[in-house]
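Here is the naming used below: chain letters follow the sequence lines, and residue numbers restart at 1 for every chain. As the structure is a prediction and not an experimental result, all values here were calculated from the model.
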Amino acid sequence: MSCSRRDFLKDAAGAAFVSSLPLSAFVVLTTDEAKAAVANATVRWGYLVDTNKCTGCGMCVKACKNENEIPYDAPVTRTWVERYVVTKDGTTHIDSPNGGRDGFTSDKIRDEEIDPDTIAKAFFVPKLCNQCDNPACVQVCPVGATYKTEDGVVLIDREWCIGCGYCIMACPYGVRFFHPEHKVADKCNFCYHRITKGMMPACVESCAFGARRLANLRDPDDPVTKIITTERVAVLKDEYGTKPHVFYLGLDNNVR
Amino acid sequence: MKRHVLHPLWVALGVLGLILFARLLMVPDDFGVHGDSFTYNFYRLGSVEDWKNFPVKYQGTDTCVECHKDNSRTHRRSPHKKVQCENCHGPAGNHPDDVEYLPLNKERSMCLRCHADLGYPASTARSNLPAIVDRHHKRRRECVSCHNPHDPREDVE
């Protein structure tokens, strides 16, 4: 058997390449390394609203507007509280004056007196952005100015938004609005600047009754996550397939 | 084929080239897909930092307690203990560094947010709070002129 110098060098180079492969190509990850490889898999923000506890004081709306620099007297808000009064004849009366910013201090609903004896049930429902897993608002954005972060919060890039308003139309929950000062779309982002610093959103912090709570759904030991996973919670407009991540305890059929 | 037939083509290619060049200049480097979904994760990465750097205004009761020990001691023992300071005193912001005094809202409407009687059934959380009918209870006076907001069980001297 003869072997030219050229053949020898070729085979040697090939062998060196193959022998180097297993080291670089077949790395077995430890559990921690695998977790780290899936970016930020340790956090997925969710939210729990306990409508049984809400008293309609509106402190959350006030705090939200102050914290997030939403013009206080403009008819826009990132979160709001709705009042539902169901009378015994089956009629539902709904209002949310100023988004509930000043609370509900009058028993009149849209200037209508309702006799307390005819009321079957009454309750308050706080609303905010649902930080959907399939956000319709993000799908329709023509410029990539709104997006979902790795921890599940839908944000708006104020420098990139052109203010076309498609997302405002697309949101089934009506949580988006046009910011009167920045001239871009705006909505609740769970106070992203606070939750990324380990603080609670302004609305959660200001709720004296524990009706609003934040959860890290990836942490099975999180007390709020435990409630969401073990108790009977509901989401708004499930039929839209947006997979909302704001969960409600004690949600009534009249809530839309 | 005569060369003038191709002139519109060169113009069109030139315009396309200009658009691509302008796009190169205008789209930031960090714009792209950051995540596993082109639909949901197509964005400018710097925007996330922009939001993280948004200034915090509500500092939380734990911050207030550091200096205002007397009032916080009263407040901590009272039925109002879950109402955070900044709900009534307003957001602290950089207090006391740049704002020395926080404006205090003493209006009746502040207290009525929780303590107005709306006449709802007991199943409503609101109905479990002590409540007044605004027009029947000392109409012209501020609530805090009689009730101590830090501990409503105490009367004001």
(request) Could you give me the CA-CA distance, side-chain angles and deciding distance for A:Trp160 and B:Tyr43, then say whether ring pair (Phe, Tyr, Trp, His ring centres under 6.0 Å) is met? (result) CA-CA 9 Å; A:Trp160 209 242; B:Tyr43 61 100; over 10 Å; no
(request) Tell me, for B:Thr124 versus chain A, whether the close heavy atoms (under 4.5 Å) come from the side chain, the backbone, both or neither. (result) both
(message) Are B:Val48 and A:Glu150 packed together at the side-chain level, in the sense that at least one heavy-atom pair is separated by less than 4.5 angstrom?
(response) no
(request) Determine the option with the most heavy-atom pairs under 4.5 angstrom with chain B, choosing from A:Ile156, A:Thr149, A:Val85. (result) A:Ile156
(message) Counting only heavy atoms not in A:Tyr166 (residues, nucleotides, ligands), do more than 12 fall under 6.0 Å from its OH?
(response) no
(request) Examine whether an atom of A:Met200 lies under 4.5 Å from a heavy atom of chain B, and if so say whether it belongs to the side chain, the backbone or both; otherwise answer neither. (result) neither
(message) Can you tell me how far apart CZ (B:Arg126) and CZ (A:Phe104) are? Round to the nearest 0.5 Å.
(response) 8.5 Å
(request) Please round to the nearest 0.5 Å and tell me the distance separating atom CD of B:Gln84 and atom OG of A:Ser206. (result) 6.0 Å
(request) Please name the pair of heavy atoms, one in A:Asp133 and one in B:Tyr40, separated by the smallest distance, quoted to 0.1 Å. (result) O-CE1, 3.8 Å
(request) For B:Phe42 and A:Tyr147, work out which heavy atoms get closest and say how close. (result) O-CB, 4.3 Å
(request) Can you tell which part of A:Ala211 gets under 4.5 Å to a heavy atom of chain B, answering side chain, backbone, both or neither? (result) neither
(request) Quick one: which of B:Asn53, B:Val56, B:Val83 has the most heavy-atom pairs under 4.5 Å with chain A, could you say? (result) B:Val56
(request) Residue by residue, scan residues 49-70 of chain A and write down, ordered by number, those that have a heavy-atom distance under 4.5 Å to chain B; if none do, write 'none'. (result) A:Asn52, A:Lys53, A:Cys54, A:Thr55, A:Gly56, A:Cys57, A:Gly58, A:Met59, A:Lys62, A:Ala63, A:Asn66, A:Glu67, A:Asn68, A:Glu69
(message) Under 4.5 Å from any heavy atom of chain B, what part of A:Arg101 do you find: side chain, backbone, both or neither?
(response) backbone
(request) Against chain A, label B:Asn87 side chain, backbone, both or neither, depending on which of its atoms sit under 4.5 Å from a heavy atom there. (result) both
(request) Could you tell me whether A:Asp115 atom CG has more than 12 heavy atoms of other residues or ligands within 6.0 Å of it? (result) yes
(message) Within this structure, what is the NZ-CZ distance for the pair B:Lys57 and A:Arg194, rounded to the nearest 0.5 Å?
(response) 9.5 Å
(request) Using a cut-off of under 4.5 Å on heavy-atom pairs, state which of A:Asp157, A:Asn134, A:Thr146 scores highest against chain B. (result) A:Asp157
(message) Are more than 12 heavy atoms, taken from residues, nucleotides or ligands other than B:Asp36, located less than 6.0 Å from that residue's CG atom?
(response) no
(request) Might you confirm whether atom CZ of B:Arg153 has over 12 heavy atoms from other residues, nucleotides or ligands at distances under 6.0 Å? (result) yes
(request) Identify the two heavy atoms, one from B:Trp51 and one from A:Asn189, that lie closest to each other, and give their separation to 0.1 Å. (result) CE3-ND2, 3.5 Å
(message) With a sphere of 6.0 Å drawn around CG of A:Asn253, does it hold more than 12 non-hydrogen atoms of other residues, nucleotides or ligands?
(response) no
(message) Contact between B:Phe54 and A:Cys191 at the side-chain level, heavy atoms closer than 4.5 Å - yes or no?
(response) no
(request) Quick one: pull up CD in A:Glu159 and CG in B:Asp50 and give me the separation to the nearest 0.5 Å. (result) 5.5 Å
(request) Output the option from B:Gly90, B:Pro121, B:Ser127, B:Gly93 having the highest count of non-hydrogen pairs under 4.5 Å with chain A. (result) B:Pro121
(message) If I take atom CZ from residue B:Arg44 and atom CG from residue A:Leu155, how far apart are they, to the nearest 0.5 angstrom?
(response) 11.5 Å
(message) Tell me the closest heavy-atom pair linking B:Tyr120 and A:Asp107, and the distance in Å.
(response) OH-O, 4.5 Å
(message) Just verifying a value: how many Å separate A:Asp102 CG and B:Leu112 CG, rounded to the nearest 0.5 Å?
(response) 11.5 Å
(message) Under 4.5 Å from any heavy atom of chain B, what part of A:Lys197 do you find: side chain, backbone, both or neither?
(response) side chain
(message) Applying side-chain contact (heavy atoms from CB on, under 4.5 Å), can you list everything that pairs with B:Thr63, at least two apart in sequence or on another chain?
(response) B:Gln59
(request) Check A:Thr105 against B:Arg113 and note the closest heavy-atom contact, atom names and distance. (result) CG2-N, 3.8 Å
